[in-house]
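Since the model is a prediction, treat every value here as computed from it, not as a measurement. Atoms within each ligand, like the ligands themselves, are counted from 1 in listed order. Just so you know, residue 1 is the first one in the sequence shown, and it goes up from there.
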Amino acid sequence: MLNYRFREGVHVDSGENAVVITSPYATRLNSIQQCLKIEDPSDSLMSLLHDLSAKGVNRAQFCINDDALSAIADQQELFDELEVFYAKGLLFVEISGCKGAAICLDPVKPLLNRKTVPIGDYRIRFSRFVHVQPRLDGLQITTPLAVATVLLKDQRLFPILMQLVSSCDRKTFQDALPDDLRGHHEDVVSLLLSSGVAGVCDGEGVVDIDKEAVDAGWTPEDLAFHCHTREQMIDVCRDQSLPKPVNQQRFSAKHQRIVLSTVALPEPSHIHHNLSFFQVVRERKTIRSFHEQPVTAGVLSDFLWYSMHIREEILCDPGLSRAYSGLLRPVASAGALHSIELYLCIHRCIGLQPGFYNYDSLNHSLGKLSDLGEPCLQMLDLAAASTCRAPQAASVSPGQGQRPDVLVVMAARYGRHASLHQHTGLSYALILKDVGSIYQQLYLVATALGLAPCGLSFGSSELFEQASGLSGRLECSVGEFMIGNPASTHGFDPGAAVVA
Ligand SMILES: Cc1cc2nc3c(=O)[nH]c(=O)nc-3n(C[C@H](O)[C@H](O)[C@H](O)COP(=O)(O)O)c2cc1C
């Protein structure tokens, strides 16, 4: 038996001459739920809407028999409406056997395309991006690209999971179904294909729905992250399962760490600014080989000041209930949240002791957290090792990556982003965008100061946790950048650097 009913979050409001069906879908930016308005609904449509909101409607009700022509026309109109509801992701579909509900389709997007069983011989299998989650009422199957989740409620259907892991032909699939559901074989296949968790295989066993993602080399993790953070329409019912809201007060804009000692930085100077902005942009490049003459505290001070110092604390979205404090810095940050802090592994710097420091961007000073211990040395070595893997590492031969004078580690306070973006689901995506913004700022400022800059792809949150003594859930490292003085081949004049 195949049954339709409105999915969770669908509401029907009937007015005098029209009925409005509110869907559970809204855009991420604007939480107004999409609606469907039907003018002058017939009595039979009203009764259909009532049934769909209550006990559900059996598909058999719509099988056209040899009634009078007018009755057939009426049935057809209802059938067409049902298809509209289905396509708009409003209908929960349930196939039942002798043990009750067996397999269900629960839409998550307002864009369903009913797929029927392919004609002739076919092979079907799960998308390779599928994941299965146990729930109290069964196993939930979904993929980032699917338009609906599938719920296996009847345990006798669990063996089809194994069948659909590899490509499975009609007969094998049919045989895997319990006797009472075998007659519904076509409905079950249609439900799996329509949801997007399974597809029809090509000769190489790749399912049609995966082809482009597989050809482009998408990993399941990246595809899930991308779909989750870039889809415009969201299911507002999903929000109800969010963890408890994050307390904004706990993640203030200005962040101060407990430190062993505070080290003042020289006043930021203006003497390095002899390149115009456009020259800086033209000359910006990655330099991976460093001069034996270390950087000075003065240049490091300028580097930090022109990249990250706090200019001002501001109130964002004043007047709205979500008003929060933000920061202005030379670098841009989504929502002025500036949840990223800089930590420095200072290996060599004239005027500063080697050690692990936090940049206090409010007071423009360094807070010493520890000497240059084992985790810091390992972070410096990891930086040197990842230098060699760069595509344009002509300046260093493999195996000879140098430890930078200073390794800058960017660490994000996830909670600060979550305090504003938990419901949009964009926290981590925006953190990574902020990291990109900081990379470019560090590149440009380093270039203007005549430093050798190099952004890095590889970093270790474990090493950062050990060095900082902070739980990665509170502050997690999300980017690394190294600086030193450029090797002589890049026209560096050590005499000028010491004066500066
Ligand atoms: C996000 C990011 C990650 C990078 N990762 C590395 C890296 O791990 N190792 C490295 O030597 N260079 C790295 N680079 C530098 C790039 O390889 C470099 O920008 C690219 O080769 C182009 O050269 P250019 O910066 O001189 O224009 C990175 C740059 C960015 C922006």
Check your understanding: Is it the case that Arg473 places NZ or CZ above or below the six-membered ring of Tyr414, under 6.0 angstrom from the centre and within 45 degrees of the axis?
Key ->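 Checked: cation-pi criterion not met.
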
Establish, for the pair Arg7 and Phe92, whether the NZ or CZ atom is under 6.0 angstrom from the six-membered ring centre and no further than 45 degrees off its axis.
no

Short list, please: which atoms of ligand 1 are under 4.0 Å from a heavy atom of [X]?
{"X": "Arg284", "answer": "24 (P), 25 (O), 27 (O)"}
{"X": "Tyr443", "answer": "15 (C), 19 (O), 29 (C)"}
{"X": "Cys454", "answer": "10 (C), 11 (O), 12 (N)"}
{"X": "Ser457", "answer": "3 (C), 4 (C), 5 (N), 6 (C), 7 (C), 8 (O)"}

Which of Phe481, Phe464, Tyr357 passes ring pair (Phe, Tyr, Trp, His ring centres under 6.0 Å) with Tyr343? Answer is Phe464

Return the option from Gly401, Gly455, Ser386 holding the heavy atom at the smallest distance from atom 14 (N) of ligand 1.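 That would be Gly455.
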
Rounded to the nearest 0.5 Å, the SG atom of Cys454 sits from the CE atom of Met482 at a distance of 4.0 Å

Measure the SG-NZ distance between Cys201 and Lys211 for me, rounded to the nearest 0.5 Å.
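Nearest 0.5 Å value for the SG-NZ distance: 12.0 Å.
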
Margin query: Polar contacts were defined as any N/O atom of the residue lying under 3.5 Å from an N/O atom of the ligand; does this apply to Lys285 and ligand 1?
Written below: no

